[in-house]
Amino acid sequence: MANGSKSGKGKPTKEAKAAAKAARKQASKERRSQLWQAFQMQRKDDKLLLPLMIGTLVGVSLVMFLLGLVWGLQWFLLPIGIVFGLLGAFIIFGRRVQKSVYKKAEGQAGAAAWALDNMRGAWRVTNAVAGTTQLDAVHRVIGRPGVILVAEGAPQRVKALLAQEKKKTARLIGDTPIYDIVIGNDDGQIPLSKLQRHLTKLPRNIDTKRMDNIEGRLAAISSRGGGAALPKGPMPGGAKMKGMQRTIRRR
């Protein structure tokens, strides 16, 4: 009886397998639907999208076919060329969608926080460690380079906010490097679309153990300070901000 119950417990039932298969099928269907919707939206705004995708597919397929003619393998290499062409077209689609999203998000409150939250890798992001009622904010990122403070908002206000947060952070982390970044398109600023790339190019100065130690120290001041309330993602420039500002004042 013991063996029977153990094997029954370890093996999923037919109903469980069917349910898991249906869930995977539904998730795949939803992903395809989202991709198709994103493609349709991008195609309406981006007139170069289709010509670039089709050109990539045809161009790569043709190159592989011509290379195949040299060795008499054209019909073998043509399907491979089509696969690589489709992959290239999909990469172009993804990059142009990303560029379009960043362009729409630029200048909106919460855009930098949204970009930081979508970073890949071992980055410890704390949004709005300091802020103003006008939705200017400083976000803190802990990574292999050290501590990076990212400010978004009006330049004349965020500079003072950034300097204050940098001074407060330096007292707690010793000789760990601190980088400060202001999001924008003026001299000395980093455009929103290049923020993630800029962070990944910074030198690696500390290890993960040091990151854990710094995160613990800085978490204490964050919990005491409370931080500023920002929208979850970019906030349209024309949106009313009075309610958000009242929320920040209460914190």
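Small disclaimer: the values here were computed from a predicted structure and weren't measured.
Side-chain contact check for Gln40 and Arg43: at least one donor-acceptor pair (N or O, by modelled atom type) lies under 3.5 Å. Arg32 and Ser28 share a side-chain donor-acceptor pair at under 3.5 Å.
Scanning both residues, Arg140 and Ala219, for their nearest heavy atoms gives NH2-N, 4.3 Å. In plain terms, the two heavy atoms of Val158 and Ala151 that are nearest each other are CB-CB, 4.0 Å. Minimum interatomic distance between Ala111 and Glu152 (heavy atoms only, all atoms of both residues): N-OE1, 3.3 Å. Pairing each heavy atom of Leu48 with each of Pro51, the nearest pair is O-CD, 3.3 Å. Across all non-hydrogen atoms, the minimal contact from His139 to Ala128 is ND1-N, 2.9 Å. Residue Arg217 comes nearest to Leu172 through the heavy atom pair NH1-O, 2.7 Å, listed as atom of the first residue, atom of the second, then distance.
Leu86 and Leu62 fall within a single hydrophobic cluster, where Ile, Leu, Val, Met, Phe, Trp and Tyr side chains are chained together by heavy-atom contacts under 4.5 Å. Note on Phe84: it does not cluster hydrophobically with Phe65, by side-chain heavy-atom contacts below 4.5 Å among ILVMFWY residues. Follow the hydrophobic side-chain contacts under 4.5 Å out from Leu116 and you reach Trp123 in the same cluster. Hydrophobic clustering places Leu73 together with Val63 (ILVMFWY residues linked when any side-chain heavy atoms are closer than 4.5 Å, directly or through intermediates). The hydrophobic cluster containing Val129 also contains Leu218, counting ILVMFWY residues as joined when their side-chain heavy atoms lie under 4.5 angstrom apart, directly or transitively.
Under the salt bridge (charged side-chain N to carboxylate O under 4.0 Å, His left out) criterion, no residue pair touches residues 64-85, with sequence neighbours excluded. Contacts classified as side-chain hydrogen bond (donor to acceptor under 3.5 Å, both in side chains) and involving residues 75-89 (residues at least two apart or in different chains) are not found.
From Arg31, atom CZ reaches atom CD of Gln26 across 10.5 Å, with rounding to the nearest 0.5 Å. Here the CG-NZ distance, from Asn185 to Lys194, works out to 9.0 Å after rounding to the nearest 0.5 Å. The distance from atom OG1 of Thr56 to atom CZ of Phe90, rounded to the nearest 0.5 Å, is 13.5 Å. The distance from atom CG of Leu202 to atom NE2 of His198, rounded to the nearest 0.5 Å, is 4.5 Å. Between Lys47 atom NZ and Gln42 atom CD the span is 11.0 Å, to the nearest 0.5 Å. With rounding to the nearest 0.5 Å, the separation of CD in Glu165 from OG1 in Thr169 is 4.5 Å.
At a threshold of 4.5 Å between non-hydrogen side-chain atoms, the residues Leu49 and Met53 count as touching. When side chains are defined from C-beta on, Arg96 counts as touching Leu52, because their heavy atoms get closer than 4.5 Å. Contact of the Val97 side chain with the Phe93 side chain is registered, since non-hydrogen atoms from C-beta on lie closer than 4.5 Å. Inter-residue side-chain proximity for Leu195 and Met119 is flagged as unmet; no heavy-atom pair is nearer than 4.5 Å. Contact of the Met41 side chain with the Ser100 side chain is not registered, since no non-hydrogen atoms from C-beta on lie closer than 4.5 Å.
Residue-environment remark: CZ (Arg157) exceeds the threshold of 12 foreign heavy atoms within 6.0 Å. Counting heavy atoms of neighbouring residues, nucleotides and ligands inside a 6.0 Å radius, atom CD of Gln164 does not exceed 12 of them.
In this structure a side-chain-to-backbone donor-acceptor pair under 3.5 Å is missing from Asn213 to Lys209. Between the Arg144 side chain and the Ile206 main chain, a donor and an acceptor come within less than 3.5 Å of each other.
Every residue meeting the salt bridge (Lys or Arg N to Asp or Glu O under 4.0 Å) condition with Arg124, not counting sequence neighbours, appears here in chain and number order: Asp212, Glu215. For Asp117, there are no salt bridge (Lys or Arg N to Asp or Glu O under 4.0 Å) partners two or more places apart in sequence or in a different chain.
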Which donor-acceptor pairs under 3.5 Å do the side chains of residues 175-182 make with protein atoms, sequence neighbours left out?
{"unit_1": "Asp175", "atom_1": "OD1", "unit_2": "Arg210", "atom_2": "NH2", "d": "3.0"}
{"unit_1": "Thr176", "atom_1": "OG1", "unit_2": "Ile173", "atom_2": "O", "d": "3.1"}
{"unit_1": "Thr176", "atom_1": "OG1", "unit_2": "Arg210", "atom_2": "NE", "d": "3.4"}
{"unit_1": "Thr176", "atom_1": "OG1", "unit_2": "Arg210", "atom_2": "NH2", "d": "2.7"}
{"unit_1": "Tyr179", "atom_1": "OH", "unit_2": "Asn205", "atom_2": "ND2", "d": "3.0"}
{"unit_1": "Asp180", "atom_1": "OD1", "unit_2": "Lys166", "atom_2": "NZ", "d": "2.8"}

Go through it in stages, so that I can follow the logic: the residues are Val150 and Ile183, the test is side-chain contact (heavy atoms from CB on, under 4.5 Å), and I'd like the CA-CA distance, side-chain angles, deciding distance and then a yes or no.
CA-CA 7 Å; Val150 181; Ile183 300 300; 3.8 Å; yes

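Other members of the hydrophobic cluster containing Leu87, listed by chain and number, are Ile91; membership follows side-chain contacts under 4.5 Å among ILVMFWY residues, whether direct or relayed.
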